[in-house]
Amino acid sequence: MNWQFAKISKIITENYRTKTFQLIPHEPLIFQPGNHIDVRLTSETGYQTQRSYSISSHPEKKSFFEITVELIEDGEVSPYFFNEMIEEDKIEFRGPVGGPFKWTPQMGGPLLLLAGGSGIAPLRSMMKQNVHGNHNQKIPITIAYSCRTKRDMIYSYEIDQLSNFEYIKPHFFFTRENNQEDSNSRINEDFLKNTLKTIGPKIAYVCGSTQFVEAMCALLIKLEFPFEKIKTERFGPSS
Amino acid sequence: MISRNFFGKKDNPELNKRLPPGQYIEKSFPVLTAGPTPPVDLNTWKFEIRIGENIDHSWSWEEFMSLPKIKIHTDIHCVTKWSKFDTNWEGVSLDTIFEKVKDLNKYHYLMAYCYGGYTTNLPLEDTQNGQAMIATTFEGENLSPEHGGPARLVVPKLYFWKSAKWIQGIQLMEKNKAGYWEQYGYHNYGDPWKEQRYWND
Ligand SMILES: Cc1cc2nc3c(=O)[nH]c(=O)nc-3n(C[C@H](O)[C@H](O)[C@H](O)COP(=O)(O)OP(=O)(O)OC[C@H]3O[C@@H](n4cnc5c(N)ncnc54)[C@H](O)[C@@H]3O)c2cc1C
């Protein structure tokens, strides 16, 4: 798979530690919601490093695509994106790359999307495909989005609009909104049990930190949701 | 292309000699898996060798644990870009497993297959002579489920997706066949030093 260049055409500040980068590649990028790209940075000494970022935009928008990067304070690549990159900069990337974590309208639904923090990035691409894609049958989607506080939400301007479509049902969970532990501020067993019962999802997509993904999968399996219908993407390390 | 004002924080020439291209050093242990962690029950656990569709040999957990063990000290390299230095594994060498197979030299490839449905293909010769084990401990502790416990394949010379987690058995094959990630566009061999991540790399 070849390396190519893309120009940063726009940078959208999503919140105090997350930015979305709109990228214009030389050749339009043909991808499916859920795919990611590999980004490569090179220093003057010739040192190179790579990281993966999910594509967060609508696949039928052919002129550009977007990635959404969350700042990991002591990281190597995300602080470079967050603090250093400006519009008109170029980045080197290859892709799209993807495995089983993808959704196309032909795969049908209903869908259950479980997002932890920046894990909402590839799920946004799926939702956009469903809302703006030119397929006839819109798929019912329930999305549960968990982040630390309201300030940590990404795409909040869009998610509000999404709930205008009757086939998209968002639910929000803020794990550190109050200083007290409130079990309803997490995506918990009761919530999932009700959701599985009312929407009967065909596929569940789970994306976020390793801890988030492990916790959500354990609950889904406990609730006897079929193992092979759970698709996962883990962004971060675990201990 | 030089990335303007990029001074790699992790650019450490001494350490990076040990690092294959495009990799970075990770101190924790990330998880790469296509799906959820499958529940595996030791009471019904089996490790099998298959020839074609037939089970040629199989071990229960107890039988397997009574096989002689070896240790491997190694660096590991995951296709999602992290590498981890100086990891310690203990388990059963594939050489021990292969002792049970008649006419082993009839076969040139193997497909590792797993609880949860995952598969991955490897050339047989890359798993012989102490190059591969079925690991049951990591850093002296029982292998945790999210890292592939109770038992996983460990083939350190290849990208770590080849080191199949939750292994259930090995199918010997005369001809090569693509496994799970390999069908999705990941490289058939996966040598980190040649950066063989995807098809045509
Ligand atoms: C398939 C895939 C898709 C991804 N998609 C996205 C995406 O859409 N948006 C996005 O922001 N990231 C995404 N990531 C994570 C991304 O690739 C980097 O790992 C992340 O940006 C951190 O890189 P870094 O160089 O800043 O930190 P590093 O220098 O790699 O790490 C610095 C420290 O932070 C820890 N760390 C690394 N990543 C995380 C994390 N996610 N959460 C908490 N701690 C962490 C490390 O263990 C280390 O201690 C994805 C990862 C994968 C494998």
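Note on naming: letters A, B, ... go to the chains in the order of the sequence lines (proteins, then strands), and numbering restarts at 1 for each one.
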On a heavy-atom basis, which atom in [X] and which in [Y] lie closest, and how many Å separate them?
| X | Y | result |
| --- | --- | --- |
| Lys10(B) | Arg51(A) | NZ-NH2, 4.1 Å |
| Pro79(A) | Lys9(B) | CG-NZ, 4.3 Å |
| Ser43(A) | Asp11(B) | OG-OD2, 4.0 Å |

Hey, which of [options] has the most heavy atom pairs under 4.5 Å with chain B?
| options | result |
| --- | --- |
| Val97(A), Thr49(A), Ile221(A) | Val97(A) |
| Glu228(A), Met216(A), Lys90(A) | Lys90(A) |
| Gly99(A), Cys217(A), Gly98(A) | Gly99(A) |
| Arg40(A), Arg94(A), Gln48(A), His36(A) | Arg94(A) |

Can you find a heavy atom in the side chain of [X] that is under 4.5 Å from one in the side chain of [Y]?
| X | Y | result |
| --- | --- | --- |
| Trp181(B) | Pro100(A) | yes |
| Gln50(A) | Arg197(B) | yes |
| Pro13(B) | Tyr47(A) | no |
| Ser3(B) | Ile91(A) | no |
| Met1(A) | Trp199(B) | no |
| Asn5(B) | Met85(A) | no |
| Phe6(B) | Glu44(A) | no |

Tell me whether the count of non-hydrogen atoms from other residues, nucleotides or ligands lying under 6.0 Å of [atom1] in [X] goes above 12.
| X | atom1 | answer |
| --- | --- | --- |
| Asn142(B) | CG | no |
| Glu141(B) | CD | no |
| Asn200(B) | CG | no |
| His26(A) | NE2 | no |

- Task: For Asp38(A) and Lys81(B), run salt bridge (charged side-chain N to carboxylate O under 4.0 Å, His left out): C-alpha distance rounded to whole Å, both residues' side-chain angles, the deciding distance at 0.1 Å, then the answer.
- Result: CA-CA 9 Å; Asp38(A) 287 353; Lys81(B) 322 288 174 335; 3.0 Å; yes

- Query: Measuring heavy-atom distances to chain B, does Tyr80(A) have an atom under 4.5 Å in its side chain, in its backbone, in both, or in neither?
  - Reply: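 When you check distances to chain B, only side chain atoms of Tyr80(A) fall under 4.5 Å.
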
- Task: Would you mind checking which part of Asn2(A) comes under 4.5 Å of any heavy atom in chain B, side chain (CB onward), backbone (N, CA, C, O), both or neither?
- Result: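 Nothing of Asn2(A), per the 4.5 Å heavy-atom cut-off to chain B.
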
- Task: Heavy atoms only, distances under 4.5 angstrom: which of Tyr186(B), Phe7(B), Tyr180(B), Tyr198(B) has the most pairs with chain A? Name it, please.
- Result: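 With the most close heavy-atom pairs to chain A, the winner is Tyr198(B).
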
- Taking every heavy-atom pair that is under 4.5 Å apart, which of Pro36(B), Gly35(B), Gly22(B), Gly185(B) has the most such pairs with chain A?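 With the most close heavy-atom pairs to chain A, the winner is Pro36(B).
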
- Message: Quick one about Thr37(B) and Glu214(A) (side-chain donor to acceptor, distance below 3.5 Å, no hydrogens or angles considered), yes or no?
- Response: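 A donor-acceptor contact under 3.5 Å links the two side chains.
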
- Rounded to the nearest 0.5 Å, how far apart are CG of Leu41(A) and CE of Met1(B)?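 Here the interatomic distance stands at 7.5 Å.
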
- Rounded to the nearest 0.5 Å, how far does OG1 of Thr210(A) lie from CD of Glu146(B)?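 One gets 7.0 Å once the value is rounded to the nearest 0.5 Å.
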
- Task: Name all residues meeting the side-chain hydrogen bond (donor to acceptor under 3.5 Å, both in side chains) criterion together with Ser83(B); count only those two or more places apart in sequence or in a different chain, and write none if there are none.
- Result: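 Result, side-chain hydrogen bond (donor to acceptor under 3.5 Å, both in side chains) vs Ser83(B): Gln23(B), His77(B).
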
